[in-house]
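Predicted model only: the values in this text are computed from it and were never measured. In what follows, chains carry the letters A, B, and so on, assigned in the order in which the sequence lines appear, proteins first and then strands, with residues in each chain numbered from 1.
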2 protein chains.
Amino acid sequence: MDKKSGADPGHRLNTKVKIEDVAREAAVSAATVSRVLNHPEIVRPELRDKVARAIANLSYTRDSAARALKSGRMRTIGAIVPTLGLGIFAEGVEALQNRLSESGYTLFIANSQYDQRRELQEMQSLIERGIDGIVLVGGSHGPELRALLRQANVPVITTYVSKAQGGIPAIGIDNQRATRELTQYLLRLGHVRFGTIANVPPSNDRSRARLEGIQKALAEAGIHLQPTQIVRADHSLAQGRSALRQLMNDHPDITAIICTTDTLAIGAMAEARKMGLDVPQYLSITGFDDVELSAQVDPPLTTISIPAAEIGRGAADYLINAIAGMPIPKSVQLPHRLIMRASTAPPRTKSSTPRRTTTKSSPKRR
Amino acid sequence: MDKKSGADPGHRLNTKVKIEDVAREAAVSAATVSRVLNHPEIVRPELRDKVARAIANLSYTRDSAARALKSGRMRTIGAIVPTLGLGIFAEGVEALQNRLSESGYTLFIANSQYDQRRELQEMQSLIERGIDGIVLVGGSHGPELRALLRQANVPVITTYVSKAQGGIPAIGIDNQRATRELTQYLLRLGHVRFGTIANVPPSNDRSRARLEGIQKALAEAGIHLQPTQIVRADHSLAQGRSALRQLMNDHPDITAIICTTDTLAIGAMAEARKMGLDVPQYLSITGFDDVELSAQVDPPLTTISIPAAEIGRGAADYLINAIAGMPIPKSVQLPHRLIMRASTAPPRTKSSTPRRTTTKSSPKRR
DNA sequence: TTGTACGCGTTATCAC
DNA sequence: GTGATAACGCGTACAA
């Protein structure tokens, strides 16, 4: 494999231009070149210019490996998200990367597929890479991961949740409070019989918090959800459809369905339409996330909006500050917004609203 | 934990454990530890075990910076995508990362927002980071970027297109051929009057190729598209809606609308429904990408499916092979698939199909 | 203000 | 099969 010819130390044909070459070209020492690069203000202007020209001439770029070795800093942040397939995560990652890029950081991305074992592996790999900070999602992380983090002594922040857990600070929204408010809104509309479609990838604490928020609000109103009123589903449109069907079969009297995700809600709406159940006249449906589509479906979906870009930016700022030794908050709770659109309405009354609707034709009297 | 050395060194808890420490713990030389790590098979089993235990004990992880400095390899790949917001890109990146991870590589991600200047900046930054390979999207890249690539001598591959451009090999589908086939399908159904909604972020050659494919197929059938039959739009549902409205106002006789993107198509369908134009009885609409939603909308969308995951995996394999000096193909064309769903049908005949439809009620005789 | 000399952690190449 | 050693390229005390 390695044909080892003494004359060829590097593997690349490409003449790797190093700091020494620049020094020679500019007739200064390597130390001066380094100074121009790192502390330009302490170098005499004329020399500085000469060096700068030499750098440009040879189009020199410093070797980041050597730099990192010497300084112990990689100027690199890692992020592990469950999946990029979710627009809400993709948006956050994008904002994160943009903000990091502005500050001279580069972003390693990895995905765990909601699997704690994979998350641990990726974390291991990132730490070996010498990352200066790490962004996680959610608060469900195994003890090994936390131990690893502690040992590596790497600043970390978790996102899309608002409460620190296991010593990991968080930036995001209060999921439980959000669904609680949403549920209270439905209660105010007069709904009494509810169904819930909850997405349950293992280790998804956001979803759990959302479900708890629903139950809490209902409990406060003296309503208790039967197990069959809570359908658990994978996070897909198709599962939203089948969940709705199951829910309406088991509990035909339900008037409002709360989904822990827009995707599930949109699937549920599609199925409701197919079953001839008018939304929102016959059935109110709500989502969570406020994805782009939610404003465009018919009827537009009532949902909770998450400030994903702000979360990404905030995570970047947090880590940059933490690395710089600046004071940092424990956790940051960002505001969600309840977006009231047309998929919710007061519950049907037994007499007034037919189960089967023809078109959006004549709205019933109410 | 370690009582013998406890007295003297007085180190902090988070002292970086290096290969020497492991060597001492295992009573071997540092070289042997390195060998256990890199070529375990040439070390005597008993020693190997001892070293392995020492590594575990001290939970040693090698310093990748030093490793990179020595080897000249960062074991790092960079990817610059226009945006992660597009499911199709997110899916590709995810597959890319997974495959890279299996091979011990880590992925830097950056996004360009369809801006060549930003792409150049990010590329600059990635090259300074010493990445071993780079993944791009599409074939529209400025000459500076190509010069940069050549000079850095970094293996590169571009994705979602099938033809090498400017010396950059590609892996993806033939966008032009795909829309050509799709258009031919519509022609076979009997359509003669077409409208097109094309997304046009600057520098998006995929979209351009798709549009060309449409025009080519139509030209072959002796049909020429007026400028007003081609509406250009940003890549959003809302723009799809307004584009459809504009198209149908300018050309009420259109029977088929080809969109260069599912998102646009779904927006167009929503607006068609709102205008009372039945799809597909009155109007056929097609998309491109086959996003999850497309199978779930009503009616399910006829579209082109892109093997995004395969593209991501293929790009990873290509770079890994290129870095290892293995033989690599010039470009790889992956198959797309024409997915015929229910948003397309033969064109309406003047008499038989009413413009306003009530529901999906009784299908008209034909 | 500038130059010299050394160390960072790892690994390939020797000699044993 | 294993131990010692010399790079890899940069940053920075320290000397000048």
Side-chain angles (χ1 to χ4, degrees), chain A residues 1-12 14-52 54-55 58 60-75 127-130 152, chain B residues 11 14-52 54-55 58 60-75 104 127-130 132:
Chain A
M1 301 291 187
D2 203 352
K3 48 180 111 182
K4 188 53 212 167
S5 52
D8 180 24
H11 319 288
R12 305 236 170 111
N14 195 10
T15 34
K16 189 106 187 191
V17 27
K18 34 184 140 178
I19 204 170
E20 252 180 50
D21 303 324
V22 178
R24 203 174 313 119
E25 169 95 0
V28 298
S29 78
T32 300
V33 178
S34 172
R35 276 189 279 264
V36 170
L37 253 22
N38 299 313
H39 311 285
E41 66 282 0
I42 68 167
V43 176
R44 187 156 28 114
E46 40 189 292
L47 256 198
R48 197 196 306 161
D49 291 352
K50 199 159 67 168
V51 170
I55 289 177
L58 288 76
Y60 161 77
T61 61
R62 38 193 178 180
D63 183 322
S64 68
R67 218 159 114 75
L69 175 60
K70 184 77 182 112
S71 69
R73 289 270 187 82
M74 284 290 259
R75 306 225 92 198
I127 285 178
E128 282 188 20
R129 282 288 197 275
Chain B
H11 292 140
N14 57 349
T15 307
K16 186 113 201 193
V17 28
K18 33 185 138 178
I19 204 169
E20 250 181 50
D21 304 325
V22 177
R24 200 174 318 119
E25 170 95 0
V28 298
S29 77
T32 299
V33 178
S34 173
R35 274 189 283 261
V36 169
L37 253 23
N38 300 314
H39 311 283
E41 66 281 2
I42 67 167
V43 176
R44 196 164 13 122
E46 42 189 291
L47 258 196
R48 198 196 306 161
D49 290 353
K50 197 157 68 169
V51 170
I55 289 178
L58 289 82
Y60 159 80
T61 61
R62 35 190 180 185
D63 183 322
S64 72
R67 222 159 112 76
L69 175 60
K70 181 74 180 123
S71 69
R73 293 264 194 82
M74 287 289 256
R75 307 223 96 198
I127 285 177
E128 282 185 19
R129 282 283 195 283
D132 302 318

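Distance CZ (Arg48(B)) to C1' (dG1(D)): 12 Å, rounded to an integer number of Å. dG1(D) atom P lies 12 Å from atom CD of Glu46(B), rounded to whole Å. Taking atom CG of Asp21(A) as the reference point, atom P of dC8(D) lies 12 Å away to the nearest angstrom. Whole-Å rounding puts the Lys18(A) NZ to dC10(D) C1' distance at 11 Å. Distance NZ (Lys70(A)) to P (dC8(C)): 8 Å, rounded to an integer number of Å. dT11(C) atom C1' lies 14 Å from atom CZ of Arg75(B), rounded to whole Å. Between the C1' atom of dG9(C) and the CD atom of Glu128(A) lies a distance of 14 Å, rounded to the nearest Å. Distance, Asn38(B) CG to dG9(C) P: 17 Å, rounded to whole Å.
Counting only distance, with no hydrogens or angles, the side chain of Arg35(A) and the backbone of Ile42(A) share no donor-acceptor pair below 3.5 Å. Here the side chain of Asp49(A) pairs no donor or acceptor atom with the backbone of Glu46(A) at under 3.5 angstrom.
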Working note: Met74(B) + Arg129(A), criterion side chain to side chain contact (heavy atoms under 4.5 Å, CB included); need CA distance, chi angles, decisive distance, verdict.
CA-CA 9 Å; Met74(B) 287 289 256; Arg129(A) 282 288 197 275; over 6 Å; no
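Between dG9(C), dT12(D), dT11(C), one nucleotide has an atom nearer to the side chain of Asp63(B) than all others, and that is dG9(C). Among the nucleotides dG3(D), dT2(D), dG3(C), the one closest to the side chain of Ala31(A) is dG3(C).
Note on Leu37(B): nothing from the nucleic acid sits closer than 4.0 angstrom, heavy atoms only. Contacts of Thr32(B) with the nucleic acid, taken as non-hydrogen atoms under 4.0 Å apart, involve only primed sugar atoms and P, OP1 or OP2. Counting non-hydrogen atoms under 4.0 angstrom, Ile19(A) reaches the backbone sugars and phosphates but no base.
A close approach under 4.0 Å does not occur between any side-chain nitrogen or oxygen of Arg35(A) and OP1 or OP2 of dT2(C). Between Tyr60(A) and dG9(D) there is no side-chain polar atom (N or O) within less than 4.0 angstrom of OP1 or OP2. At dA4(D), none of the side-chain N or O atoms of Ser29(B) fall inside 4.0 Å of OP1 or OP2 (strictly under the cut-off). Phosphate proximity of dG9(D) to Arg62(A): absent, as no side-chain N or O sits under 4.0 Å from OP1 or OP2. At dT11(C), none of the side-chain N or O atoms of Ser71(B) fall inside 4.0 Å of OP1 or OP2 (strictly under the cut-off).
Distance check: Ser29(A) OG to Arg24(A) CZ gives 12.5 Å after rounding to the nearest 0.5 Å.
Nearer to the 5' terminus of DNA chain D, by closest-nucleotide assignment, is the contact made by Arg44(B) (compared with the other of Ala66(B) and Arg44(B)).
Glu25(B) places none of its side-chain heavy atoms less than 4.5 Å from the side chain of Val22(B).
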